[in-house]
Amino acid sequence: MTLLEIAPLVRGAYLARHGAPVLVSHTPGGGESPAQVRAGSADDLPAALAEAELPLPGGVVVEVGEEQVAFSVRTLGEVNRLPGARDTEARSAASRSAVVSGKVAVVTGGAQGFGAEIVHGLVDSGAFVYIADLNGDGASALAAEVGDHRAAAITVNVADEASVQAMAEQIAATTGGLDLVVSNAGIVRAGSVLEQDLSSFALTTDINYTAFFLVTKHLGRLLAAQHRTAPDWLTDVIQINSKSGLTGSNKNGAYAGSKFGGLGLVQSFALELVEHGVKVNAICPGNFYDGPLWSDPDKGLFVQYLRSGKVPGATTVDEVREFYESKVPLRRGTTGADVMRAVYYIVEQAYETGQAVPVTGGQVMLSS
Ligand SMILES: NC(=O)c1ccc[n+]([C@@H]2O[C@H](COP(=O)([O-])OP(=O)(O)OC[C@H]3O[C@@H](n4cnc5c(N)ncnc54)[C@H](O)[C@@H]3O)[C@@H](O)[C@H]2O)c1
């Protein structure tokens with residue numbers, strides 16, 4: 001058995017025993033007075049873990065046949081013990097942010113934009129967050145900013161399977177498993193269907209669509225293994241989709257198509273992964289006007305649209321912005337806080353999967 005296989009089973013055993021999210025770190029020796037768990041084979045390990053005394057905080061040394069792997073185990077301080085479990089008794093919504101307190105999350109594309117907003121939101125709510133980004137320097141800088149004990153940077157190309165598998169291995173070795181996957185990394189390559197290069201279309205599809213499959217495949221395996229020893233613990237995969245996943249986007253077909261396809265994957269993965277205790281949902285935000293994609297002073301879309309004269313009569317960036325904000329019934333762009341409210345709702349809601357939650361200020365309304 002590999003560390004990738006053993007670590008989530010160990011984390012699941014602690015989740016089941018203590019009803020609280022834990023950090024399970026691959027550590028030589030397993031810390032002070034570690035528990036000993038022996039199993040003759042891989043098949044016997046879940047039962048052996050279920051019978052073991054597993055004090056928390058503490059450590060454990062797992063022996064499977066000739067192999068021995070050691071872990072230290074702790075929580076991130078005081079944690080909320082209810083929402084991760086299948087809690088049918090709770091009558092009212094828990095305090096919103098408490099639903100992620102102490103949990104382990106990964107945010108792809110977490111170095112900037114919506115991803116960085118979600119990283120900040122989760123860390124402020126008491127979660128431990130892997131900031132997984134192609135821009136490793138940006139991810140490391142953000143991890144240092146929020147505090148290394150609350151976050152860890154992972155350099156990953158989510159469109160490359162070997163890179164995504166290496167990310168899963170790093171997570172298994174550092175925290176054993178995880179509770180929340182936010183698949184956020186995405187790009188926009190706008191262009192006319194009559195003009196766009198195949199390479200530009202394919203890159204958009206690789207990062208926005210195919211990468212969601214790769215991330216769900218490799219991190220979903222960790223979640224499924226963890227579920228074998230923690231059958232009552234619900235976990236979440238959330239895709240950051242777009243309002244362009246709900247309605248077409250003129251001269252932006254590569255993007256809208258990848259996002260529409262993403263919702264097909266969300267619904268299909270939701271149907272399959274429910275047996276592993278994994279809910280799969282999407283959040284469909286409207287435009288994040290304060291983020292770098294729109295507001296970067298050199299290459300942001302506001303400046304680009306001003307220069308290209310896309311907004312008739314606009315002579316300043318502010319006028320371009322006002323033009324776009326006027327399309328939104330609630331008269332502003334989407335913020336990180338708006339998206340975080342949807343994250344909390346999805347995690348807390350134990351009775352929903354396969355859904356797309358719009359966060360568009362009313363710009364896109366669902367129809368049946
Ligand atoms: N900005 C908006 O107005 C808006 C609106 C709706 C939905 N979204 C969606 O939100 C998500 C984030 O968008 P954003 O505007 O914050 O983007 P952004 O360009 O500001 O940030 C994207 C991040 O993803 C990283 N990234 C890009 N390719 C990657 C890869 N192959 N592997 C790993 N990381 C990679 C980048 O390095 C960057 O840190 C995307 O899925 C996007 O479609 C954005």
Side-chain angles (χ1 to χ4, degrees), residues 106-121 130-143 153-167 181-190 200 202-215 218-219 238-247 249 252 254-263 265-266 282-296 299-302 304-305 321 324-325 327-328 332-336 338-340 342-343 356-361 363-364:
V106 59
V107 180
T108 71
Q112 69 165 48
F114 268 143
E117 295 286 312
I118 296 166
V119 169
H120 278 294
Y130 292 101
I131 306 168
D133 205 293
L134 195 56
N135 174 4
D137 290 344
S140 297
L142 183 55
I154 299 180
T155 305
V156 64
N157 177 1
V158 290
D160 177 89
E161 182 154 25
S163 181
V164 174
Q165 177 157 8
M167 169 168 72
V181 177
V182 182
S183 179
N184 163 80
I187 61 165
V188 184
R189 292 289 183 273
S200 175
L203 183 69
T204 310
T205 309
D206 281 351
I207 296 175
N208 294 359
Y209 177 75
T210 311
F212 178 56
F213 155 72
L214 293 175
V215 167
H218 289 281
L219 298 187
I238 300 177
Q239 189 201 40
I240 302 302
N241 197 282
S242 171
K243 69 177 169 54
S244 302
L246 299 170
T247 186
S249 186
N252 200 14
Y255 183 73
S258 69
K259 293 293 186 179
F260 267 71
L263 295 184
L265 298 182
V266 164
I283 295 171
C284 297
N287 295 327
F288 179 26
Y289 293 136
D290 292 328
L293 180 77
W294 286 85
S295 284
D296 185 283
K299 47 186 176 91
L301 292 175
F302 287 135
Q304 286 186 42
Y305 293 165
R321 184 177 176 128
Y324 280 94
E325 284 177 343
K327 293 170 181 262
V328 184
R332 65 170 175 83
T334 308
T335 66
D338 297 324
V339 173
M340 281 312 299
V343 170
V357 179
V359 183
T360 69
Q363 194 173 2
V364 174

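Whatever order the structure lists ligands and atoms in, that order sets their numbers, starting from 1. Since the model is a prediction, treat every value here as computed from it, not as a measurement.
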Protein heavy-atom partner closest to atom 2 (C) of ligand 1 - residue, atom, separation in Å: Phe288 N, 3.6 Å
Gly291 to ligand 1, any heavy atom closer than 4.0 Å: no
Pick from Asn241, Ile240, Val182: the one approaching atom 7 (C) of ligand 1 most closely through a non-hydrogen atom: Asn241
Step-by-step side-chain contact (heavy atoms from CB on, under 4.5 Å) determination, Thr334 to Thr360: CA-CA 6 Å; Thr334 308; Thr360 69; 5.6 Å; no
Polar atom proximity, Leu134 to ligand 1 (N or O, under 3.5 Å): yes
Contact check, Gly286 vs ligand 1, heavy-atom distance below 4.0 Å: yes
Test of proximity, Phe114 against ligand 1: N or O pairs below 3.5 Å: yes
Within-cut-off N or O pair, Ile207 and ligand 1, under 3.5 Å: no
Ser258 side-chain N/O to Tyr255 backbone N/O, donor-acceptor pair under 3.5 Å: yes
Short N or O distance, Val158 and ligand 1, threshold 3.5 Å exclusive: yes
Ser242, any N or O under 3.5 Å of ligand 1 N or O: no
Ile187 and Asn208, any side-chain heavy atoms less than 4.5 Å apart: yes
Atoms of ligand 1 close to Pro292 [distance to a heavy atom under 4.0 angstrom, numbered from 1]: 20 (O)
Under 4.0 Å to a heavy atom of Lys259 - the qualifying atoms of ligand 1, by number: 40 (C), 41 (O), 42 (C), 43 (O)
Interatomic distance, Ile154 atom CD1 to Asp133 atom CG [nearest 0.5 angstrom]: 11.0 Å
Note, Arg321 side chain near Asp290 side chain (heavy atom, < 4.5 Å): yes
Distance-only donor-acceptor check, side chains Ser140 and Asp137, under 3.5 Å: no
Atom 24 (O) of ligand 1 [closest protein heavy-atom partner, distance rounded to 0.1 Å]: Gly109 CA, 3.3 Å
Heavy-atom nearest neighbour in the protein, as seen from atom 1 (N) of ligand 1, with distance rounded to 0.1 Å: Leu293 CD2, 3.4 Å
Heavy atom of the protein closest to atom 36 (C) of ligand 1 (residue, atom name, distance): Asp133 OD1, 3.4 Å
Main-chain N/O of Tyr289 paired to Asn287 side chain as donor or acceptor, under 3.5 Å: no
Note, Cys284 side chain near Val364 side chain (heavy atom, < 4.5 Å): no
Polar side-chain atom of Lys259 near backbone of Ile240 as donor-acceptor pair, under 3.5 Å: yes
Straight-line distance of Met167 CE to Asn157 CG, nearest 0.5 Å: 10.0 Å
Identity and distance of the protein heavy atom lying nearest atom 18 (P) of ligand 1: Gln112 NE2, 3.3 Å
Nearest neighbour in protein (non-hydrogen) for atom 42 (C) of ligand 1: Tyr255 OH, 3.5 Å
Donor-acceptor under 3.5 Å (Ser183 side chain, Gln239 main chain): no
Any Gly138 heavy atom less than 4.0 Å to ligand 1: no
Proximal atoms of ligand 1 relative to Trp294 (non-hydrogen, under 4.0 Å): 3 (O)
Atoms of ligand 1, numbered as shown, that sit under 4.0 Å from any heavy atom of Asn184: 10 (O), 11 (C), 12 (C), 40 (C), 41 (O)
Heteroatom proximity flag, Lys243 to ligand 1, N/O under 3.5 Å: no
Taking every non-hydrogen atom, the tightest pair across Gly186 and Ile207: CA-CG2, 4.0 Å
Element-labelled atoms of ligand 1 that are located less than 4.0 Å from some non-hydrogen atom of Val156: 32 (N), 33 (C)
Whether Asp206 lies under 4.0 Å from ligand 1, heavy atom: no
Distance from atom 22 (C) of ligand 1 to nearest protein heavy atom, with residue and atom: Gly186 O, 4.0 Å
Point-to-point distance, once rounded to the nearest 0.5 Å, from OG1 of Thr247 to CZ of Phe260: 6.0 Å
Numbering as shown, the atoms of ligand 1 that approach Asn157 to under 4.0 Å (heavy-atom distance): 30 (C), 31 (N), 32 (N)
Minimum-distance protein heavy atom relative to atom 27 (C) of ligand 1: Ile187 CG2, 4.2 Å
With a cut-off of 3.5 Å and sequence neighbours excluded, list every side-chain donor-acceptor pair involving residues 106-120.
unit_1 : atom_1 : unit_2 : atom_2 : d
Thr108 : OG1    : Asn184 : N      : 2.8
Thr108 : OG1    : Ala185 : N      : 3.0

Sub-4.5 Å side-chain heavy-atom contact between Leu265 and Tyr209: yes
4.0 Å protein heavy-atom contact status of atom 10 (O) of ligand 1, strictly under: yes
